[in-house]
Novice: 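First the structure, which I've put down as structure tokens, then a few questions once you've had a look.
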Amino acid sequence: MKARVLSGVQPSGQLHLGNYLGALKNWAEIQSDYESIFCIVDLHAITVYQDPQELTSKIRETAALFIAAGIDPKESSIVVQSSVSGHAELAWMLTCVTPLGWLNRMTQFKAKAEKQATVGAGLLQYPVLMAADILVYQAKIVPVGEDQSQHLELARDIAQRFNSMYGATFIMPETRLPAVGARIMGLDDPTTKMSKSATGANHAIALLDEPGVIRKKIARATTDSEPAVDPENMGPGVANLLTIAHACDPSVTKSVVAGMRYGDFKKLVAEAVISRLKPIQQKYREITADAGYIDSVLVEGQQRVLPIAEDTIKKVKTAMGLYVARR
Ligand code: AMP
Ligand code: TRP
């Protein structure tokens, strides 16, 4: 039997190159080696306010981008988190075994909480729900970008604590980072990671950006005051651009760009990104032209994974002594 893979992306903001290189690209590459489940984590998105109409359309848009990026819905299950109630149900049970101190230590919580006028309790619970996403399917491998490493350690800690309190129930999930692109930085500020919530117009390359926009954003990307690429002494901006280009086109390496003036180097980076995104954008347009297609994929995904989640919930309820109907 193939080991199970699980990962997720929030349907908030615009999916960007960091999401693609850190997550989606690797999902597509490994999907056939595993039994893969890829989630659109709408319950995570609402840990900060989302406009309801926008969220509804983002969920389908994110699913279409999964497929456009190479996830094959026949091979992998594409699932909306809230369509399988086991995620939220298990999250509650895990909440009850998670010490508050563990959650207070999460760096992403601290960073996000700082930006909110009032912090919803859901924002603190966020990593418990993430642990539930993984454990409800007994997933073995979790391919993510580096920013999720701390959340995954917590997921293992929660699983272990549950197992020691109630008996062996969960298998330990492993973090799988991509070899290149685990942490793509913002184009406008190479010291902060590229993220959906940053507001700068030049911060991120969206997966659906037109070639002209991509060229402009990369041309304006922050570098340093050197005139040309010195592979032995690259500033963070130049290093980030090279990582992006290499992840998009492996033939772009240090030795290829050595000595290139920044103007020419940026053109090379932009073309590598544009050619990588072109087929994704084309596929996205094809998929979204068929109004019913995404909904059928999401129903199929849900139906495929429901029994797995139900089975885990039953095991957890039994382990904890909760009510399970006898029939
Ligand atoms: P999110 O945008 O927070 O829903 O992230 C979805 C996936 O993309 C997760 O696996 C993240 O680790 C990954 N990811 C997000 N931002 C980046 C980035 N700047 N570099 C690499 N991976 C990222
Ligand atoms: N928290 C992740 C992020 O924002 C998304 C996510 C939710 C996830 N549940 C998950 C990733 C389970 C891997 C496994 O990047």
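Along the sequence shown, residues are numbered consecutively beginning with 1. Here the structure is a predicted model, which means the values were calculated and not measured.
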Novice: Show your working on salt bridge (Lys or Arg N to Asp or Glu O under 4.0 Å) between Arg261 and Glu226 and close with a plain yes or no.
Specialist: CA-CA 9 Å; Arg261 302 189 66 81; Glu226 300 295 320; over 6 Å; no
Novice: When you measure from the side chain of Asn240 to the backbone N and O of Gly237, does any donor-acceptor pair fall under 3.5 Å?
Specialist: no
Novice: For the pair Lys2 (side chain) and Ser32 (backbone), establish whether a donor and an acceptor sit closer than 3.5 Å, ignoring hydrogens and angles.
Specialist: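 Side chain of Lys2 to backbone of Ser32, a donor-acceptor pair under 3.5 Å: yes, one is there.
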Novice: Thr318: what forms a side chain to side chain contact (heavy atoms under 4.5 Å, CB included) with it, not counting sequence neighbours?
Specialist: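 Here the qualifying residues are Val324.
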Novice: I'd like to know whether Tyr137 forms a ring pair (Phe, Tyr, Trp, His ring centres under 6.0 Å) with His87, so could you lay out the CA-CA distance, the side-chain angles of the two residues, the decisive distance to 0.1 Å, and finally the verdict.
Specialist: CA-CA 9 Å; Tyr137 299 116; His87 292 247; 5.2 Å; yes
Novice: Give a yes or no on whether the backbone of Ala206 and the side-chain of Asp209 come within a donor-acceptor separation of less than 3.5 Å.
Specialist: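 The answer is yes, because a donor-acceptor pair under 3.5 Å joins these two groups.
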Novice: Only one of Gln150, Gln148, His44, Met106 forms a side chain to side chain contact (heavy atoms under 4.5 Å, CB included) with Pro127, so which one is it?
Specialist: Met106
Novice: So, Asp188 and Thr222: side-chain donor and acceptor under 3.5 Å apart, yes or no?
Specialist: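 Thr222 and Asp188 do not have a side-chain donor-acceptor pair below 3.5 Å.
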Novice: How long is the straight-line distance from CZ of Arg176 back to CG of Leu152, given to the nearest 0.5 Å?
Specialist: 12.5 Å
Novice: Without swapping roles, check the side chain of Thr169 against the backbone of Gly167 for a donor-acceptor pair under 3.5 Å.
Specialist: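 Here the side-chain-to-backbone pair exists.
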Novice: Side chain of Gln81, backbone of Gln10: donor and acceptor closer than 3.5 Å?
Specialist: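 Judged by distance alone, no pair lies under 3.5 Å.
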Novice: Within a reach of under 6.0 Å around CD of Gln50, are more than 12 heavy atoms found that belong to other residues, nucleotides or ligands?
Specialist: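 Check passes, neighbour count above 12.
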Novice: May I ask you to check whether over 12 heavy atoms, not counting those of Arg276, lie within 6.0 Å of atom CZ?
Specialist: yes
Novice: Pair Arg156, Glu174 - check salt bridge (Lys or Arg N to Asp or Glu O under 4.0 Å), show working.
Specialist: CA-CA 8 Å; Arg156 283 189 289 272; Glu174 287 166 24; over 6 Å; no
Novice: What do the steps show when you test Asp147 against Arg183 for salt bridge (Lys or Arg N to Asp or Glu O under 4.0 Å), and what is the final call?
Specialist: CA-CA 7 Å; Asp147 60 337; Arg183 189 172 174 84; over 6 Å; no
Novice: With salt bridge (Lys or Arg N to Asp or Glu O under 4.0 Å) as the criterion, how do Glu300 and Arg304 come out once you've worked through the C-alpha distance, each side chain's angles and the decisive distance to 0.1 Å?
Specialist: CA-CA 6 Å; Glu300 193 183 320; Arg304 235 188 272 159; 2.8 Å; yes
Novice: Please check if the side chain of Asn202 supplies one atom and the backbone of Leu187 the other of a donor-acceptor pair under 3.5 Å.
Specialist: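 Between the backbone of Leu187 and the side chain of Asn202 there is no qualifying donor-acceptor contact (under 3.5 Å).
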Novice: Are Phe162 and Phe170 close enough that their ring centres sit under 6.0 Å apart?
Specialist: yes
Novice: If we count only N and O atoms by modelled type, under 3.5 Å, do the side chains of Glu75 and Ser36 hold a donor and an acceptor together?
Specialist: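 Side chains of Glu75 and Ser36: no pair found under 3.5 Å.
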Novice: Counting only N and O atoms by type, is there a donor-acceptor contact under 3.5 Å from the side chain of Lys217 to the main-chain atoms of Ala204?
Specialist: yes
Novice: Under the criterion side chain to side chain contact (heavy atoms under 4.5 Å, CB included), which of Phe38, Tyr293, Phe66 is the partner of Pro73?
Specialist: Tyr293
Novice: Taking side chain to side chain donor-acceptor pair (under 3.5 Å) as the definition, give me every residue that meets it alongside Lys58, ordered by chain and number, with sequence neighbours left out.
Specialist: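 Residues passing side chain to side chain donor-acceptor pair (under 3.5 Å) with Lys58: none at all.
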Novice: Surrounding NZ of Lys193 (heavy atoms of other residues, nucleotides or ligands, distance under 6.0 Å), is the total greater than 12?
Specialist: yes
Novice: I'd like to know if the side chain of Asp42 reaches the main chain of Ser82, judged simply by a donor and an acceptor atom lying under 3.5 Å from each other, with no hydrogens or angles considered.
Specialist: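 Present.
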Novice: Ignoring hydrogens and geometry, is there a side-chain-to-backbone donor-acceptor pair from Trp27 to Ile71 under 3.5 Å?
Specialist: no
Novice: Just verifying a value: how many Å separate Lys317 NZ and Thr312 OG1, rounded to the nearest 0.5 Å?
Specialist: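 Answer for the NZ-OG1 pair, Lys317 versus Thr312, is 12.5 Å.
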Novice: Taking the side chain from Asn26 and the backbone from Gly22, do they hold a donor-acceptor pair closer than 3.5 Å?
Specialist: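 Yes, the answer is positive, given that a donor and an acceptor are paired below the 3.5 Å cut-off.
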Novice: Hydrogens and angles aside, do Thr98 and Arg161 bring a side-chain donor and acceptor to less than 3.5 Å of each other?
Specialist: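 No, no side-chain donor-acceptor pair sits under 3.5 Å.
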Novice: Using the rule that Ile, Leu, Val, Met, Phe, Trp and Tyr join whenever any side-chain heavy atoms are under 4.5 Å apart, tell me whether Ile214 and Val238 fall into a single cluster.
Specialist: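 Yes; Val238 is reachable from Ile214 via cluster members.
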